[in-house]
There are 2 protein chains.
Amino acid sequence: MSSRQGVRPGGRSARVQASVHTAVRELMEDRGREALTVPLVAQRAGVTPSTVYRRWGTLQELLSDVAVERLRPDTEPEDHGDLRSDLTAWAEQFLDEMSSASGRAYIRDALLGDPDGDNAGQCSAYAAEQINVILARARDRGENTPDVETAMDRVVAPLMYRILFRPAGLDAAYARRLVAGLVGVRGTGGR
Amino acid sequence: MSSRQGVRPGGRSARVQASVHTAVRELMEDRGREALTVPLVAQRAGVTPSTVYRRWGTLQELLSDVAVERLRPDTEPEDHGDLRSDLTAWAEQFLDEMSSASGRAYIRDALLGDPDGDNAGQCSAYAAEQINVILARARDRGENTPDVETAMDRVVAPLMYRILFRPAGLDAAYARRLVAGLVGVRGTGGR
DNA sequence: TCCTTAAAGCAACGAGTTTGCGTTAAGCGA
DNA sequence: TCGCTTAACGCAAACTCGTTGCTTTAAGGA
């Protein structure tokens, strides 16, 4: 298990979890990602290092946890009246958030301290959920929609691939082109 | 600069670089990825830890270097007579190599110790090169081919995305479906 | 209220990392 | 070929980080 939920929801444990998480976020802003160490985080959180080590194991797993928390979308995708507009707006925002320096750092952290892939899967699930909302809304309108897997393959995957492997030269126009290539094409079955 | 070339190509430096790289590969097989430490690698390579620290900085940057080296394709894509067969064979092999436990570890290492993204970009360039060879061959045959960027978006990106974020349930049939969705469709402009 | 037991604190030990300084050997020009 | 310059390596000490056994605290339940 990578995601540290269910550790005695109320009380001291919860307080420690919260203060450690905020300590990580504050220190990342103050001193930058590279300067983070477990003892430093623990000190800021008012906790002993051993507590952090016992609950998270390594700094990377802790960062992975924090990253997933920050990558969770906090709002539903906006409704612009039709599938293409909705997807375009979502893709542009997704690209914007994820391709920023901090966004890329969070993605990498999420991928990193994650031996079993749970946290990475969670990130993907977040995107799939958002896409699903958009597609369901389009179906309700009577629009012809591709399935989620196809949308993931044709929009999310290319965006994420380029963010991770070729960050140079990404822009909103590329996101729009991906969406344009998807809508108006029937779902190919995904996988 | 992440890739440590050009450090005095011949002589002691080159010997150290080579022995450290092979030490990493040997130890990864012997004791596994997790057991690696800089002092351990240095000892096996017959070198002092400080040498490794000074040249690579951290274990992750060293691993990233080794990973990129291992991810470089060592052969040209096979020629099966037509674009679709070539792409299918390549995609299946790519998926096979990359989705293995060690393949995923290499990809993650390459992404990881790589602040400026040079190593990740190199990985992507390898794939693009291979695809390019296949497409050029198809054009020489007179086949109608998509452009490289489109192929990256439609085949490589989905494969890599799922390898990294949703490793469960990937198989050769999925790779074939991606290729099938690409060929027979004109290049949409890539980006 | 008392009991049980996770979870946190403390402290000491071991391992990994960093750094200054001396030494070696490429690379290069005379 | 020789000698000079300088990057790279080796050595060793100091320091920080990570680990672990034991003690103490406090949540949750009887």
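Keep in mind that what you see is a predicted model, and the values were worked out from it rather than measured. First the proteins, then the strands, lettered A, B, ... as listed; each starts at 1.
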| request: Considering non-hydrogen atoms only, spot the tightest contact between B/Ser64 and B/Asp114 and give its length. | output: OG-CB, 4.0 Å
| Any sub-3.5 Å donor-acceptor pair from A/Arg33's side-chain atoms to A/Ala105's backbone N or O? | no
| Just how far, in rounded Å, is C1' of D/dG18 from CG of A/Leu62? | 14 Å
| message | I need the CD-P distance between B/Glu34 and D/dT19, as an integer number of Å. | response | 11 Å
| Salt bridge flag under 4.0 Å for residues A/Asp30 and A/Arg44 | yes
| field | Heavy-atom donor-acceptor pair, A/Arg54 side-chain to D/dG21 base, under 3.5 Å | value | yes
| query | What nucleotide among D/dC17, C/dA8, D/dG10 has an atom nearest to a side-chain atom of A/Tyr53? | reply | D/dC17
| note | Here the distance between atom C1' of C/dA7 and atom CD of A/Gln17, to the nearest Å, is 13 Å
Distances under 3.5 Å between nitrogen or oxygen atoms of protein and nucleotides 23-25 of chain D:
| from | atom 1 | to | atom 2 | distance (Å) |
| --- | --- | --- | --- | --- |
| D/dT25 | O2 | A/Arg12 | NH2 | 3.1 |

| field | Spacing of B/Trp56 atom CH2 relative to D/dA8 atom C1', expressed in whole Å | value | 11 Å
| task | Using whole Å, report how far CD of A/Glu61 lies from C1' of D/dC17. | result | 17 Å
| task | Could you tell me whether the side chain of A/Arg55 and the main chain of A/Ser13 form a donor-acceptor pair under 3.5 Å? | result | yes
| request: Would you kindly give the CZ-to-P distance between A/Arg15 and C/dG9, to the nearest whole Å? | output: 10 Å
| Just how far, in rounded Å, is C1' of C/dG16 from CG of B/Leu36? | 14 Å
| task | State whether A/Asp82 and A/Arg137 are salt-bridged, where the test is any N-O pair (Lys NZ or Arg NE/NH1/NH2 against Asp/Glu carboxylate O) under 4.0 Å. | result | no
| task | Could you go through the side chain to side chain contact (heavy atoms under 4.5 Å, CB included) check for B/Arg104 and B/Leu164 one step at a time? | result | CA-CA 7 Å; B/Arg104 294 186 63 225; B/Leu164 287 175; 5.7 Å; no
| message | Side-chain N or O of B/Thr51 versus OP1/OP2 of D/dG10: is the shortest distance under 4.0 Å? | response | yes
| field | Members of residues 42-50 of chain B that approach DNA chain D, where some heavy atom sits under 4.0 Å away | value | B/Gly46, B/Val47, B/Thr48, B/Ser50
| field | Spacing between A/Leu59 atom CG and D/dG18 atom P, to the nearest angstrom | value | 7 Å
| message | Can you give me the closest heavy-atom contact between B/His80 and B/Ala89, atom names plus distance? | response | CE1-CB, 3.4 Å
| Side chain of A/Val38: nearest nucleotide among C/dG9, D/dG18, D/dA8? | D/dG18
| Hey, is B/Arg177 close enough to A/Asp153 for a salt bridge, meaning N to O under 4.0 Å? | no
| query | Can we say B/Glu149 and A/Arg166 salt-bridge, meaning some charged N sits less than 4.0 Å from an Asp/Glu carboxylate O? | reply | yes
